[in-house]
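What's counted below: heavy atoms across the whole structure, side chains too, no hydrogens, waters or symmetry copies.
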Amino acid sequence: MVMNMTTGTTTNFSEKEILSDALNSTKAATNNYNSFSNECVHENVRQAMLHCLEQEHDIQQDLFEIMHAKGYYPTPAADEKKVQNTIQTFSQCAKNC
């Protein structure tokens, strides 16, 4: 429950809405930490940003797994041929980089 301090009204949010908001917040945070780390002049600050980025990715994965397990974030099964093609494509890219 959240109270609007201006109107004095309260709003109840569902578990799904709270988790979705948290997931969206971590997605925004990872975007910001990624940008910050790319623009750091000092290596120690860059490493701190990368550490924060890694932690946010872990939180994001945890939230996704919770939402997926509860059926709040359904994902369709991937076609096995498409999975293998994607693996092959990115494997080749990694070898060429």
Side-chain angles (χ1 to χ4, degrees):
M1 181 181 332
V2 175
M3 170 150 318
N4 183 320
M5 300 309 282
T6 305
T7 63
T9 59
T10 58
T11 305
N12 291 321
F13 293 98
S14 69
E15 180 181 55
K16 181 180 179 180
E17 290 171 318
I18 293 168
L19 289 169
S20 182
D21 184 58
L23 182 62
N24 287 330
S25 294
T26 61
K27 287 178 180 181
T30 58
N31 286 332
N32 289 333
Y33 283 125
N34 191 53
S35 293
F36 299 157
S37 66
N38 286 334
E39 297 174 2
C40 286
V41 173
H42 301 286
E43 186 59 26
N44 59 337
V45 176
R46 181 177 178 275
Q47 289 304 315
M49 290 295 112
L50 289 173
H51 179 70
C52 291
L53 176 62
E54 182 179 5
Q55 290 179 319
E56 283 297 323
H57 276 292
D58 291 343
I59 294 167
Q60 185 178 351
Q61 182 65 30
D62 291 344
L63 287 165
F64 169 78
E65 288 174 2
I66 291 167
M67 292 184 72
H68 189 268
K70 292 179 175 276
Y72 299 153
Y73 202 120
T75 54
D79 175 44
E80 187 59 33
K81 184 174 180 169
K82 288 181 181 180
V83 170
Q84 292 306 317
N85 286 342
T86 302
I87 291 170
Q88 184 178 11
T89 299
F90 284 102
S91 294
Q92 289 172 357
C93 178
K95 289 176 187 175
N96 295 330
C97 293

Please list all pairs passing the salt bridge (Lys or Arg N to Asp or Glu O under 4.0 Å) test where one or both residues lie in residues 49-67, with sequence neighbours left out. none

Donor-acceptor under 3.5 Å (N34 side chain, T30 main chain): no

My understanding is that only residues two or more places apart in sequence, or in another chain, count here; which of them pass side chain to side chain donor-acceptor pair (under 3.5 Å) with Y33? none

Step by step, work out the side-chain hydrogen bond (donor to acceptor under 3.5 Å, both in side chains) result for H51 and Q55. CA-CA 6 Å; H51 179 70; Q55 290 179 319; 3.2 Å; yes

Which residues pass the ring-ring contact (aromatic ring centres under 6.0 Å, His included) test with H57, sequence neighbours left out? none

Qualifying salt bridge (Lys or Arg N to Asp or Glu O under 4.0 Å) pairs with a residue from residues 74-92, counting only residues at least two apart or across chains: none

Sequence neighbours left out, what pairs pass salt bridge (Lys or Arg N to Asp or Glu O under 4.0 Å) with at least one residue falling in residues 30-53? E43-R46

Residues sharing Y73's hydrophobic cluster, by side-chain heavy-atom contacts under 4.5 Å among ILVMFWY, directly or via others? L19, L23, I59, L63, F64, I66, M67, Y72

So the salt bridge (Lys or Arg N to Asp or Glu O under 4.0 Å) pairs with at least one residue in residues 14-27 (sequence neighbours excluded) are E15-K70

For S37 and M49, which heavy atoms make the closest approach, and how far apart are they? CB-CB, 3.7 Å

